[in-house]
Amino acid sequence: MWGSRMALRRLQKIAVAPLSIKEGITNKVQREMSTLQRVYVTRQIPPEGLKILKESGQVQFELWDSDDVPVSRAELLKKVKGVDGLLCVLTEKIDAELLDAAGPSLKVLSTMSVGFDHLSLDELKKRGIRVGYTPEVLTDAVAELTVALLLTTSRRLIEATHEAKTGGWGTWRTLWLCGHELANSTVGILGLGRIGVAIAERLAPFKVKKFLYTDVAPRPELAKAINAEYVSFDELAKQSDFLAVCCALTPETKEICNKELFSKMKNTSIFINTSRGGVVNQEDLYEALSTGQIAGAGLDVTVPEPLPTNHPLFTLKNCVILPHIASASYTTRNAMSALAANNLLLGLRGKPMIKELKL
Ligand SMILES: O=C(O)C(=O)CO
């Protein structure tokens, strides 16, 4: 559905106007529609973002009108032809093929995500296409979910509810369903950014003894806020009782969590990933979990997504898998959609976006 509220109102007026007036209004609508910038939106985004687009009077947009099924690649390649702007989510691969299909009219891409590993940045840069994304608005939701996943994994909550429901709950037992606690623990953060800091801030009241982090270089400003110590990747693996992955997926971080890392971790350690599945070698993780090399893993992200239900990781009691829901609160998803819509509109007006990637 191509939509612009003003144009739509005029169309409604046409229906009740006399014939001569109808022609005049029709021409005006046609002129107006032709000055509106064309945008394709690859998903039914939350209402706040849609409202901004509809009420902007700046764009006529077509929407893939479903949130349950992603737009097919073939349909997407067809729909982007000749658009000025594209608003996408993280399931769409924005690569040379897609940018070629869109053609030279495409000036702005706005992704409703903080992650941008689905975008070929080189190709976008080459074509002078500006890129908006949605950091910060999701930090609280992601940090909150990471803490929830960490506690669920370390205190074995999924196993526990299963036992309670299925008759495994006998007498109170001294070591039954024991897990690992945060009090007096060392928490390691792989990739310290806003989200890592927000996680540490939420974990500190659980009486964590020490926060460690590693990154390509020390980040003293961020680290100061949570009193975290910069260590090597090796030390992070060796010392952490809980290791939270918060880094972006890049060629450098692809499968950085592999058997080398797991072999250095304690067998009482808990591994948590709410960033991207691609930073983990899942075969190595399976091995580490099934042999007791590490105590447990909580994953909100996997490769592929969705993870097939017959995947070996699903067979492990000490692996908690969520379907990529870290930012899934109503407030946050609406804020992400609003920011993505505003980034798009500003970019199309040639103005600085609220959150724009430096290419
Ligand atoms: O924004 C992202 O990059 C996500 O993974 C979903 O919140």
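Residue numbers count from 1 along this sequence. Remember, it's 1-based here, ligands and their atoms both numbered in the order they're listed. Note: hydrogens, waters and symmetry copies are ignored here, and every other heavy atom, side chains too, is used. What you are looking at is a predicted structure, and each value in this text was computed from that prediction instead of being measured.
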With Lys93 as partner, the option from Asp95, Leu90, Thr91 fulfilling side-chain contact (heavy atoms from CB on, under 4.5 Å) is Asp95
Just to verify, what does Arg127 make a side chain to side chain donor-acceptor pair (under 3.5 Å) with, not counting sequence neighbours? Asp100, Glu123
I'd like to know if Leu212 and Ile272 are part of one continuous hydrophobic network [Ile/Leu/Val/Met/Phe/Trp/Tyr, side-chain heavy atoms within less than 4.5 Å]. no
Taking side chain to side chain donor-acceptor pair (under 3.5 Å) as the test, write out the residues that go with Lys264, two or more places apart. Asp234
Side chains of Thr315 and Tyr286, heavy atoms from C-beta outward: is any pair under 4.5 Å? yes
Using links of under 4.5 Å between side-chain heavy atoms of ILVMFWY residues, direct or through other members, which residues join Leu177 in one cluster? Trp169, Trp176
Between ligand 1 and the protein, find all N/O pairs closer than 3.5 Å and give the distance for each.
residue: ligand 1; atom: 1 (O); partner: Val114; partner atom: N; Å: 2.8
residue: ligand 1; atom: 3 (O); partner: Val114; partner atom: N; Å: 3.3
residue: ligand 1; atom: 3 (O); partner: Gly115; partner atom: N; Å: 2.8
residue: ligand 1; atom: 3 (O); partner: Arg276; partner atom: NH2; Å: 2.7
residue: ligand 1; atom: 5 (O); partner: Arg276; partner atom: NH1; Å: 2.7
residue: ligand 1; atom: 5 (O); partner: Arg276; partner atom: NH2; Å: 3.4
residue: ligand 1; atom: 5 (O); partner: His324; partner atom: NE2; Å: 2.8
residue: ligand 1; atom: 7 (O); partner: Ser327; partner atom: OG; Å: 2.5

